[in-house]
Amino acid sequence: MITVNGEKLDFSGNISELLDVLEYNGKRVAVELNENIVPKSEYDNTIISDGDKLEIVRFVGGG
Amino acid sequence: MIPTEQEMYKSLAERHGEDLQKKISSARVAVCGLGGLGSNIAIALARAGVGKLHIMDFDRVDISNLNRQQYSAEQVGIYKTIAITANLKAINPYCEVIPEIIKLDEKNIPEILKDDDIICEAFDNPEAKAILVNSILENFPEKYIVGGSGMASLGSANTITTRRVMKNFYLCGDGVSEVSDGTGLFSSRVMVCAGHQANMILRIIAGELNV
């Protein structure tokens with residue numbers, strides 16, 4: 001089990017795959033893994049492990 | 001008669017308290033994007049007496065901006081950085097404004113924003129928002145960034161909040177209301193979000209890091 005934005009989720013894979021599952025556009029988010037920011041260039045290479053905590057912040061248009 | 005710098009400082013210190021006003025007057029804030037959010041945020045910060053405002057935008061004032069952005073009809077066609085500098089100086093002549101006509105991207109952000117301790121994300125494009133926030137969090141983990149996401153439509157003003165989404169990253173808005181065909185931005189609701197952002201920036205300056 002992992003925790004995404006405070007909610008438990010059964011998932012294995014990398015961050016890009018998690019964003020796909022959650023239907024988030026990877027160009028419009030900021031992702032923190034265990035309180036460390038993950039650079040966009042590392043989304044494909046960063047494997048999420050059991051017990052990991054993620055914060056995914058999504059941006060929508062308008063300002 | 002335009003008040004002197006000493007008169008304006010005294011007036012602010014009487015209202016805000018001397019200790020707090022010292023912090024506000026010596027603060028430097030970057031406002032990235034001068035549309036509905038950024039123009040309102042910059043004005044709120046100048047009124048509070050923020051000492052230095054580093055303001056950035058690449059665009060000119062358009063007729064379509066007048067429904068919500070802090071420009072006048074006679075400023076249509078002028079660069080937003082130039083127009084808002086004039087408007088800020090009219091309110092607070094002693095605020096040091098550092099305008100840059102520039103489009104921020106991954107390459108120039110680390111250099112352009114290196115001297116700013118508090119950064120306000122006030123873009124409209126969601127990908128530009130993400131680029132700015134990610135660049136700051138990756139390059140400058142010690143800086144504070146206050147962003148906006150979700151302020152379109154005439155939805156309830158009460159759904160707009162400030163959240164501390166990461167240690168040094170605060171996000172204001174309702175998180176979901178985006179601009180699309182048929183869903184526009186209204187001055188009233190954009191100002192609520194801008195007010196949240198400006199307020200959080202002033203709280204950070206005051207040392208109040210909780211939302």
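Protein chains get the first letters and strands the later ones, always in sequence-line order, with residue 1 at the start of each. Just the heavy atoms: all of them, side chains too, but no hydrogens, waters or symmetry mates, feed the values below.
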Checking the side chain of B:N125 only, and the main-chain atoms of A:G63 only, is there a donor and an acceptor separated by less than 3.5 Å?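 Side chain of B:N125 to backbone of A:G63: no pair is present.
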B:K89, NZ atom: more than 12 neighbouring heavy atoms under 6.0 Å: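 More than 12 within 6.0 Å, yes.
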Does B:K52 have more than 12 heavy atoms from other residues, nucleotides or ligands lying within 6.0 Å of its NZ?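 Not buried by this count: 12 neighbours or fewer within 6.0 Å.
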Using only non-hydrogen atoms and a strict under-4.5 angstrom cutoff, which residues of residues 160-179 of chain B touch chain A?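 Residues in range: B:V165, B:M166, B:K167, B:F169, B:L171, B:G175, B:V176, B:S177, B:E178, B:V179.
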Just give me the residue among A:K40, A:R58, A:E32, A:E55 that pairs up with chain B most often, heavy atom to heavy atom, under 4.5 Å.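 Among A:K40, A:R58, A:E32, A:E55, the one with the most close pairs to chain B is A:E32.
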Looking at OG of A:S41 and CD of B:E106, how far apart are the two atoms once the value is rounded to the nearest 0.5 Å?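 Between A:S41 OG and B:E106 CD, I get 10.0 Å after rounding to 0.5 Å.
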Contacts with chain B made by residues 5-26 of chain A (heavy-atom distance under 4.5 Å), listed by residue number: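 The stretch touches chain B at A:N25.
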B:P126 to A:G61 - nearest heavy-atom pair and separation: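 In terms of heavy atoms, the two residues are closest at CD-CA, 3.7 Å.
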Might you point out which heavy atoms bring B:S149 and A:F59 nearest each other, and give the distance in Å?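 B:S149 and A:F59 have their closest heavy atoms at OG-CA, 3.4 Å.
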